[in-house]
Amino acid sequence: MLARLEIETPSWGYGDSGTRFATFPQAGRPRNAFERVDDAAEVHRLTAAAPAVALHFPWDQVDDLAALRAHIEARGLRVGAVNPNLFQELDYKLGSVANPDPVVRGRAVAHLLECVEIATALGSTAQSLWLADGTNYAGQDDLRARRERVLECLAEVYAALPPEQELLLEYKPFEPAFYATDVADWGSALLFCQKLGERAAVLVDFGHHLQGANIEQIVAILAAEGRLGGFHFNNRKYADDDLIVGSVNPFELFSVFVELGTELPRLTIDQAHNVEAKVEAMTLSVVNVQDAYAKALLVDRDALAAAQAEGDVLGAHEQLLEAFRCDVRELCGRARVAAGGAADPVAALRESGYVERIARERGEAAPVSAGWNA
Ligand code: PSV
Ligand code: MN
């Protein structure tokens, strides 16, 4: 069962990233998409559970897609979801597919259609779309008109999807817009998906909820509706913190896996790693996901169902605690070794010399860059 866990790591999680205050580049950080794939391959070599790499365009733009695909396959990986980027161009100041200007919407749709072609060329089976669209002030734009515009644009893209590709729609209630985000929550995303068609599903990013949201319940509802497209794993303490998955709230991660059972959707990591070592952070993230999944598999489902049927409130809760308290490190280590990975991937990475080697080969980091007004 544990061997069925397959995690996509994000190409964008290996390169430099920062906050709006500063970016701290790391020695050996990948200089292009090919080197980002190499880092993803190292994480898979160690964990035996990260066989796919999710890509982000245009960040991962290359001259020759066939060469990128060949490189990915030569490293023993496959292409995960393709993530279009509709949040960096100056044109998108007032939104992309919700923008009041039809010329800007046309540009956004053209990029989405280009990503469908990229995914086809790379053998990917999903578009994973997050929209930064939204407004900052009440009255800034007509909320219903914006919704219609989004739907119209997404319908055009959905119609162009080849049968093997699905459209994953990610929601987020805030940032960069701070009054009304156009796909703000799982309900709005679900409504869009239901209107688009069967191959549209909701993507749940752990950092994209208001404080106190019950993510496992959201997961239960979306799964029951057949619209749970997948996850962006990370952890948050305050907002969209993009911290290592399981680092703040491991019980929440475990509870999500309890809800999923053995029916796993697309599992992707989406983290930033501003000050921690990138490859090690990604390796630890995969290990934490394996750990949570293994614990969820240990839940005695019969005893849980019996306690629930009897109305034994704490008896039922105890069944979850029993599994959560188990130390599964050795079990996961054995499963990893059986699959060709390392018993302790983080220790193995540190011993391997990989990080020192990429620092030598790719060069030292550029000086620390300042943030605002630099
Ligand atoms: C937005 O916060 C997000 O979660 C989306 O998935 C983006 O593609 C990604 O982060 C960019 O880092
Ligand atoms: Mn995300």
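Taking the salt bridge (Lys or Arg N to Asp or Glu O under 4.0 Å) definition, one finds that Glu361 meets it with Arg357, sequence neighbours left out. For Arg329, the salt bridge (Lys or Arg N to Asp or Glu O under 4.0 Å) test picks out Asp327, with sequence neighbours left out. Residues passing the salt bridge (Lys or Arg N to Asp or Glu O under 4.0 Å) test with Asp141, sequence neighbours excluded: Arg146, Arg149.
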After noting the C-alpha distance and the side-chain angles of Leu2 and Cys332, does the key distance pass the side chain to side chain contact (heavy atoms under 4.5 Å, CB included) rule?
CA-CA 8 Å; Leu2 203 50; Cys332 288; 3.9 Å; yes
Report the C-alpha distance between Arg29 and Glu35 in whole Å, list the side-chain angles of each, state the deciding distance to 0.1 Å, and finish with yes or no for salt bridge (charged side-chain N to carboxylate O under 4.0 Å, His left out).
CA-CA 8 Å; Arg29 78 246 176 272; Glu35 290 181 352; over 6 Å; no
Carefully, step by step, assess Arg75 and Asp38 under the rule salt bridge (charged side-chain N to carboxylate O under 4.0 Å, His left out).
CA-CA 7 Å; Arg75 291 284 183 274; Asp38 292 343; 2.7 Å; yes
Could you walk me through whether Thr181 and Leu131 pass side chain to side chain contact (heavy atoms under 4.5 Å, CB included), step by step?
CA-CA 9 Å; Thr181 297; Leu131 299 175; over 6 Å; no
Does the pair Leu321 and Arg325 meet the rule for a side chain to side chain contact (heavy atoms under 4.5 Å, CB included), with working shown?
CA-CA 6 Å; Leu321 293 182; Arg325 287 182 189 131; 3.5 Å; yes
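There is no path of hydrophobic side-chain contacts, each under 4.5 Å, that joins Leu284 to Val248. Cluster membership check: Val82 does not share its hydrophobic cluster with Leu112, using side-chain heavy-atom separations under 4.5 Å among Ile, Leu, Val, Met, Phe, Trp and Tyr.
The pair Arg105-Asp133 fails the salt-bridge criterion, with no side-chain N (NZ, NE, NH1 or NH2) lying under 4.0 Å from an Asp/Glu carboxylate O. A salt bridge does not link Glu73 with Arg78: none of the charged nitrogens is closer than 4.0 Å to a carboxylate oxygen. At a threshold of 4.0 Å, the pair Asp182-Arg147 does not count as salt-bridged, since none of the basic side-chain nitrogens sits closer than that to a carboxylate oxygen. The existence of a salt bridge linking Asp39 and Lys278 is excluded, since no basic side-chain nitrogen approaches an acidic carboxylate oxygen closer than 4.0 Å. Of the charged side-chain nitrogens involved, at least one lies within less than 4.0 Å of a carboxylate oxygen, so that Asp240 and Lys172 count as a salt-bridged pair. Note on Asp291 versus Lys295: salt bridge recorded, some NZ/NE/NH1/NH2 to OD/OE distance being below 4.0 Å.
Under the 6.0 Å cut-off for aromatic ring centres, Tyr92 and Phe87 do not qualify, their centroids lying 6.0 Å or more apart.
Classified by interplanar angle (parallel below 30°, tilted 30° to 60°, perpendicular above 60°), the ring pair His208/Trp130 is tilted. Taking the six-membered ring for Trp and thresholds of 30 and 60 degrees, Tyr293 and Phe257 have ring planes inclined between 30 and 60 degrees apart. In this pair, His71 and Phe34 present their aromatic rings perpendicular. The plane angle is above 60°, beyond the 30 to 60° band. Using the six-membered ring where Trp is involved, Phe254 and Phe324 have ring planes that are tilted, between 30° and 60° apart.
Closest non-hydrogen pair, Thr23 versus Ser17, comes out as CG2-O, 3.6 Å. The two residues Ile244 and Glu276 have their closest heavy-atom pair at CG1-OE2, 4.3 Å. Closest non-hydrogen pair, Gly95 versus Val104, comes out as O-CG1, 3.7 Å. The two residues Leu77 and Ala41 have their closest heavy-atom pair at CD1-N, 3.7 Å. Of all the heavy atoms in Ala281 and Gln271, the pair that sits closest is O-NE2, 4.5 Å. Counting all heavy atoms, side chain and backbone alike, Thr9 lies closest to Ala50 at CG2-CB, 3.8 Å.
With Leu190 as the fixed residue, the side-chain contact (heavy atoms from CB on, under 4.5 Å) test singles out one of Leu169, Leu228, Val202: Val202. None of Trp186, Tyr238, Tyr171, Phe174 except one satisfies the ring pair (Phe, Tyr, Trp, His ring centres under 6.0 Å) rule with His209; the exception is Tyr171. When each of Asp205, Thr268, Leu168, Asp270 is paired with Ser128, the side-chain contact (heavy atoms from CB on, under 4.5 Å) condition holds for Leu168 and for no other.
For the pair Arg266 and Phe231, the NZ or CZ position fails the cation-pi test of under 6.0 Å to the six-membered ring centre and within 45 degrees of the ring normal.
At most 12 heavy atoms of other shown residues, nucleotides or ligands fall within 6.0 angstrom of atom CD in Gln217. Within 6.0 Å of CD on Gln88 lie more than 12 heavy atoms contributed by other residues, nucleotides or ligands.
Remark: Leu68 CG to Arg36 CZ distance equals 9.5 Å, nearest 0.5 Å. Rounded to the nearest 0.5 angstrom, Thr283 OG1 and Arg350 CZ are separated by 10.5 Å.
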